[in-house]
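Any value given below was found using the heavy atoms of this structure, including those in side chains, with hydrogens, waters and symmetry copies removed.
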Amino acid sequence: MTEQTRNGRARGGATGRRRKPPAKRRRRVGIAVSGAAAVLVLAGSGLGYVLLKLDGNIQGVDINARLGTDRPKNVDDGSLDVLVLGSDSRSGDNGAYGKDEGGARSDTAMVLHVYEGHKKASVVSIPRDTLVDRPACTDDQGTETPGQSRAMFNTAYEVGGPACAVKTVEAMSGIRMDHYIEVDFTGFKKLIDTLGGVEITTTRAIEDPKSHLDLEPGTHTLDGEQSLGLVRTRKGVGDGSDLGRIQLQQAFMKAFIDQLKGVGVGTNPKKLLDLADAATKAITPDSELDSVQELMGFAQGLTGLSAQNVRMVTLPVRYDPLDPNRVVPVEAKAEQVWKALKADRPIPAAATEGNATGQAEGVVK
């Protein structure tokens, strides 16, 4: 009998409890969209054969076993912290988005903090170009990479995979991550197409051939290809930096969450099952979410959230005076952000004011 069973708690986070013990592994690449798991809870119960099929889609990565005890304190306060990660790998079907140059780097990183009671949440986007003190990490083959000062945040995934990305975020924030989720490029497209697209409004034209994106001002229902282009473009908006891309990602995620919640169990059960199939093929979760039952438990714990009560911010940064193509944390303000989440409190408004922004706010609504 596991300790989890002895304590009478189900895995996956449905009870609002925070920390859980280890299981198995694997990695996939992608754009991070944490709301994808929520389609599972809508599919209902009593569909054993379907659940078995969906279970076969899921492969997890064992973060706990890789990191061991060298982590922040395991706190049980009813809140939940999840690292949602995407990657710029160009392997396999993802090759349409650029040349595969070997290792993958985290293209998108968000820390999702769900407050006690699971009615409100904060999302902190970490720019990929942020210079950080990256800790020593061990990759999938057991090779250790020494720590490095002024390393780009997205190199953590490149040198040590998901576990190193989690370790780097935990070192930055002092907060233990309860879960980890990745979403694959191709899977992301299929998920959006299965949903029927996502409706957004652009206040100005966005054109970026590299991201396969050409949008006039106005309201659009984006298909999978266009949605992927939108969350990946950086040259077509604002100052052309990763910070502007983050602002587009945050606006898109809110639209995606609202549209996903609008799909009803009674109105279109086949669509729900198709969404569940697409979602489970798209994501690579940690090993504590690598079954349909665990993902459903996790998703049930998030059903009280809506776009209106999810606050999205960017880690407070400024452009690096030594390299304008990089950013560095505004230490005092970044500490305010992490301290607030660690205490399960709202992020102070003062922490998000006066920082570098990317100048793309309001481009997508």
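- For the pair F188 and V231, the minimum side-chain heavy-atom distance is below 4.5 Å.
- Under the 4.5 Å side-chain heavy-atom criterion for ILVMFWY residues, a single connected hydrophobic cluster contains both V292 and I283.
- Hydrophobic clustering keeps V330 apart from V124 (ILVMFWY residues linked when any side-chain heavy atoms are closer than 4.5 Å, directly or through intermediates).
- Put simply, the side chain of Q259 gets close to the backbone of G197: a donor and an acceptor are under 3.5 Å apart.
- Although no hydrogens or angles enter the test, the distance criterion places a donor-acceptor pair under 3.5 Å between the side chain of T280 and the main chain of A276.
- Looking at E288, its side chain never comes within 3.5 Å of a backbone N or O of H179 through a donor-acceptor pair.
- Atoms OG and CZ, on S287 and R66 in that order, are 10.5 Å from each other to the nearest 0.5 Å.
- No donor-acceptor pair closer than 3.5 Å links the side chain of T194 to the backbone N or O of L275.
- Side chain of D286 to main chain of V61: no donor-acceptor pair is present (N/O by atom type, distance under 3.5 Å, no hydrogens or angles).
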Check the pair D70, K167 against salt bridge (Lys or Arg N to Asp or Glu O under 4.0 Å), reporting the backbone distance first and the verdict last. CA-CA 9 Å; D70 185 20; K167 188 174 183 179; 3.8 Å; yes

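- If you take CE on M312 and CD on Q249, they are separated by 10.0 Å, rounding to the nearest 0.5 Å.
- Proximity of a side-chain donor or acceptor of E294 to a complementary backbone N or O of S291 within less than 3.5 Å is detected.
- When atom types are taken as modelled, the side chain of R311 and the backbone of I347 share a donor-acceptor pair closer than 3.5 angstrom.
- Between L230 and L222 the shortest side-chain heavy-atom distance falls below 4.5 Å.
- Panel note: side chain D344, backbone A340; no donor-acceptor pair is recorded below 3.5 Å.
- A donor-acceptor pair is defined here as one N or O able to donate and one able to accept, closer than 3.5 Å; no such pair exists between the side chain of H113 and the backbone of A121.
- Note on ring orientation: taking the six-membered ring where Trp is involved, the planes of F252 and F256 are parallel (angle under 30°, cut-offs 30° and 60°).
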Can K189 and E225 be said to form a salt bridge (Lys or Arg N to Asp or Glu O under 4.0 Å), step by step? CA-CA 6 Å; K189 287 171 53 180; E225 182 80 15; 2.9 Å; yes

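- Under a cut-off of 6.0 angstrom, the local environment of CD in E361 is sparse, with at most 12 non-hydrogen atoms contributed by other residues, nucleotides or ligands.
- Side-chain contact between Y157 and V166 is absent, with no heavy-atom pair separated by less than 4.5 Å.
- Looking at heavy atoms from C-beta onward, V111 lies in side-chain contact with V169 at the 4.5 angstrom threshold.
- Counting only distance, with no hydrogens or angles, the side chain of R245 and the backbone of R232 share a donor-acceptor pair below 3.5 Å.
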